Amino acid sequence: MLNNRIPLRNGSKIAIIGGGPAGSFFANFALRLARKMGLEVSITIFETRNFTRAGRSACNMSVGVLAERLRERLDQEDIQVPPRCIQTEIERYSFFTQDDHLQLHHPEPGHKPRIVTVFRGAGPVHSHYTEDISFDNFLLRLVERRGARVIPQEVKDVILPSHIQARTQVLYGDGEELPADLVVGAFGLNTPTIEHFGKKGFGYVPPRTIKSCILDVPLGKEAIAATCNKTIHVFALGMKEIEFASITPRGDYLTIAVVGRRDINISQVKEFLSHPVVVKILPQGPEVLKNCCICFPKISVSTPFQPYSDRLVIIGDAGVSRSYKNGIESAFVVAKLAAQTAFREGVSKEAFERGYYKPARKIFARDNLYGKLMFRTFDLVASQRRVLTERLEYARVHRERWIAHRINEGLWNLVTGDAPYKEVFFELFNLRLQISLLSVTLYGLIKQKFGIK
Ligand SMILES: Cc1cc2nc3c(=O)[nH]c(=O)nc-3n(C[C@H](O)[C@H](O)[C@H](O)COP(=O)(O)OP(=O)(O)OC[C@H]3O[C@@H](n4cnc5c(N)ncnc54)[C@H](O)[C@@H]3O)c2cc1C
């Protein structure tokens with residue numbers, strides 16, 4: 001047993017700042033662990049957004065893809081995403097380069113993926129859904145039914161304990177206070193609260209972030225079926241400022257996400273929308289900007305330092321998370337680690353360092369480095385335009401060969417996030433595959449050098 005000076009007891013109070021996925025998942029695990037250990041604890045979630053409204057202010061901005069592995073994890077927690085929340089069931093991905101594209105399918109033949117898209121709030125601005133379609137609201141109301149209390153107010157500040165036995169004070173609403181044995185910071189990246197916590201002096205350094213862009217374009221189901229039938233399009237177009245981009249069907253909308261190497265701006269988004277490959281899919285080009293819901297959410301690009309203190313733990317995007325892929329799943333994983341630590345090892349700084357921070361870093365932080373390495377290597381390959389095209393063409397024409405299977409599996413795992421970046425890196429850049437592709441690579445290089453089409 002670790003430092004056990006501050007265990008949770010009967011009557012302990014847990015305050016969670018933020019009712020996005022990380023906050024709701026923590027509440028779910030905490031309620032289950034308390035029941036298992038026979039403890040009566042009270043759990044309060046503070047959430048400012050009203051997820052039943054449409055538009056940006058009610059939405060935890062994302063593309064809303066729920067990965068297959070997340071759905072399996074949710075099943076284990078008896079969390080079934082209701083059909084009213086599911087916008088589109090995704091069957092495949094299409095991987096686009098400047099000259100070609102490759103359709104990717106689940107590596108297991110005949111397996112129907114359980115990937116779906118959802119809205120985080122009640123849909124894009126000006127949408128009018130009659131049902132409660134918000135995924136975040138579904139999770140929040142679920143944990144409320146399971147025993148958490150939800151206060152729809154903003155947390156203004158927390159006062160950290162002056163000594164280890166004292167409680168943390170949560171200041172919220174119009175001067176109200178809640179003493180808490182544990183405060184969970186699940187406030188995400190898109191809030192001033194994160195900077196506020198970074199200045200509190202207990203050692204927390206928030207993750208570095210860059211601004212991305214999301215557009216929801218209202219097209220209607222028929223037009224979407226014609227352009228993007230149950231398919232997520234992923235783009236590696238060799239554009240200098242753009243790390244990656246995707247077009248995802250979400251019910252009546254096409255959701256376009258553009259992630260840059262630095263903060264993305266509107267002219268880079270226009271450049272992407274004007275690219276000939278994109279125009280083939282979305283002929284309106286930048287015109288779609290006139291009639292869409294647009295936002296610039298932050299994405300984390302580094303690991304935070306010390307997201308914990310005595311009686312305080314910071315999780316989700318504001319804590320340790322996976323870069324670029326499956327943020328909701330990583331919120332699930334770290335919420336579980338943090339809740340298990342709090343109930344089994346106590347709520348001291350030492351307990352969170354060992355039970356939450358170190359394992360979470362091991363799972364995500366090191367893997368994120370492989371992610372970065374892979375994206376850089378990919379840029380290098382993509383810069384040799386003809387080489388990439390030849391490789392994709394080979395994989396398409398020789399579908400039955402092991403090389404094609406390996407390329408499909410590596411790219412599938414990359415775009416879905418189904419495997420850690422480290423695994424994908426060794427799948428795509430392993431020596432046997434590279435040697436087998438040598439002749440194709442040389443052929444591509446020769447074509448490129450002599451300008452042969
Ligand atoms: C471009 C882009 C695309 C993405 N696409 C996907 C995707 O397809 N699939 C996926 O799994 N992930 C995706 N993500 C990541 C995903 O959105 C996040 O990882 C996830 O939302 C993190 O959950 P969270 O609970 O930590 O934070 P958030 O979802 O940001 O929730 C934080 C909550 O805290 C509340 N809050 C903040 N401060 C306070 C306060 N002081 N008082 C009370 N409440 C407060 C906020 O209102 C908010 O509801 C994407 C992200 C980006 C930027």
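Nothing here was measured: the structure is a model prediction, and the numbers come from that model. Start at 1 and go down the list; that is how both ligands and their atoms are numbered.
- Under a 4.0 Å criterion applied to the non-hydrogen atoms of G316, ligand 1 contributes the atoms 26 (O).
- The residues E243 and R261 are annotated as salt-bridged, a charged nitrogen and a carboxylate oxygen being separated by less than 4.0 angstrom.
- Other residues, nucleotides and ligands contribute only 12 or fewer heavy atoms inside 6.0 Å of the NZ atom of K211.
- Scanning all protein heavy atoms for the shortest distance to atom 12 (N) of ligand 1 gives G327 N, 3.3 Å.
- At a 4.0 Å cut-off, not a single heavy atom of S321 sits close enough to ligand 1 to count as contact.
- Remark: ligand 1 atoms within the under-4.0 Å shell around heavy atoms of Q153 are 43 (C).
- By the criterion of a heavy-atom distance under 4.0 Å, neither the backbone nor the side chain of F332 is placed next to ligand 1.
- Ligand 1 places these atoms under 4.0 Å from at least one heavy atom of I328: 10 (C), 11 (O), 12 (N), 19 (O).
- Residue, atom and distance of the protein heavy atom nearest to atom 42 (N) of ligand 1 are V155 N, 2.9 Å.
- Taking only non-hydrogen atoms, the option from D157, N60, I16 nearest to atom 28 (P) of ligand 1 is N60.
- The atoms of ligand 1 that sit less than 4.0 Å from any heavy atom of I214 are 1 (C), 2 (C).
- Scanning all protein heavy atoms for the shortest distance to atom 7 (C) of ligand 1 gives V65 N, 3.6 Å.
- Scanning the protein heavy atoms around atom 50 (C) of ligand 1, the nearest turns out to be S62 CB, 3.5 Å.
- Atoms of ligand 1 lying under 4.0 Å from at least one heavy atom of K298, given by number and element, are 53 (C).
- By the criterion of a heavy-atom distance under 4.0 Å, neither the backbone nor the side chain of L66 is placed next to ligand 1.
- Nearest protein heavy-atom neighbour of atom 5 (N) of ligand 1: V63 N, 3.2 Å.
- Listed by number with element, the atoms of ligand 1 under 4.0 Å from a non-hydrogen atom of P297 are 53 (C).
- Between Q306 and Y308, some side-chain heavy-atom pair lies under the 4.5 Å cut-off.
- Seen from the ring of Y129, R84 does not count as a face-on cation partner, given the 6.0 Å and 45° thresholds.
- Aromatic pair F187/F197: ring centres closer than 6.0 Å.
- Residue-to-ligand polar distances keep S212 apart from ligand 1: every N/O pair is separated by 3.5 Å or more.
- For ligand 1, the atoms closer than 4.0 angstrom to any heavy atom of P21 are 23 (O), 25 (O), 29 (O).
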For Y370 and R366, run side chain to side chain donor-acceptor pair (under 3.5 Å): C-alpha distance rounded to whole Å, both residues' side-chain angles, the deciding distance at 0.1 Å, then the answer. CA-CA 7 Å; Y370 274 98; R366 283 189 206 158; over 6 Å; no
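- In the candidate list R120, M61, E47, R322, R120 is nearest to atom 16 (C) of ligand 1, counting heavy atoms.
- Counting only heavy atoms of the protein, atom 43 (C) of ligand 1 lies nearest to F46 O, 3.5 Å.
- Taking the centre of each ring, F235 and F244 stay at or above the 6.0 Å mark.
- Atom numbering of ligand 1 starts at 1 in the shown order; those under 4.0 Å from a heavy atom of A186 are 32 (C), 33 (C), 34 (O).
- Taking the six-membered ring for Trp and the full ring otherwise, the centers of F332 and F29 sit less than 6.0 Å from each other.
- When F26, F187, F51 are checked for heavy-atom proximity to atom 37 (C) of ligand 1, F187 turns out nearest.
- With a 4.0 Å cut-off on non-hydrogen atoms, N326 touches ligand 1 through its backbone and not its side chain.
- In terms of polar-atom proximity, defined here as any N/O pair under 3.5 Å, T48 does make such a contact with ligand 1.
- Between E409 and R406 there is no salt bridge, since no side-chain nitrogen of the basic residue lies less than 4.0 Å from a carboxylate oxygen of the acidic one.
- The closest donor-acceptor contact from the side chain of N413 to the backbone of V424 lies at 3.5 Å or more, if one exists at all.
- Looking at E329 and R73, a side-chain N of the basic residue comes within less than 4.0 Å of a carboxylate O on the acidic one, giving a salt bridge.
- Between the side chains of R120 and S62, a donor-acceptor pair is found at a separation under 3.5 Å.
- Among protein heavy atoms, the minimum distance from atom 18 (C) of ligand 1 is reached at D317 OD2, 3.2 Å.
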Go through the steps to decide whether R250 and T88 satisfy the test side chain to side chain donor-acceptor pair (under 3.5 Å), and finish with yes or no. CA-CA 5 Å; R250 259 207 294 197; T88 302; over 6 Å; no
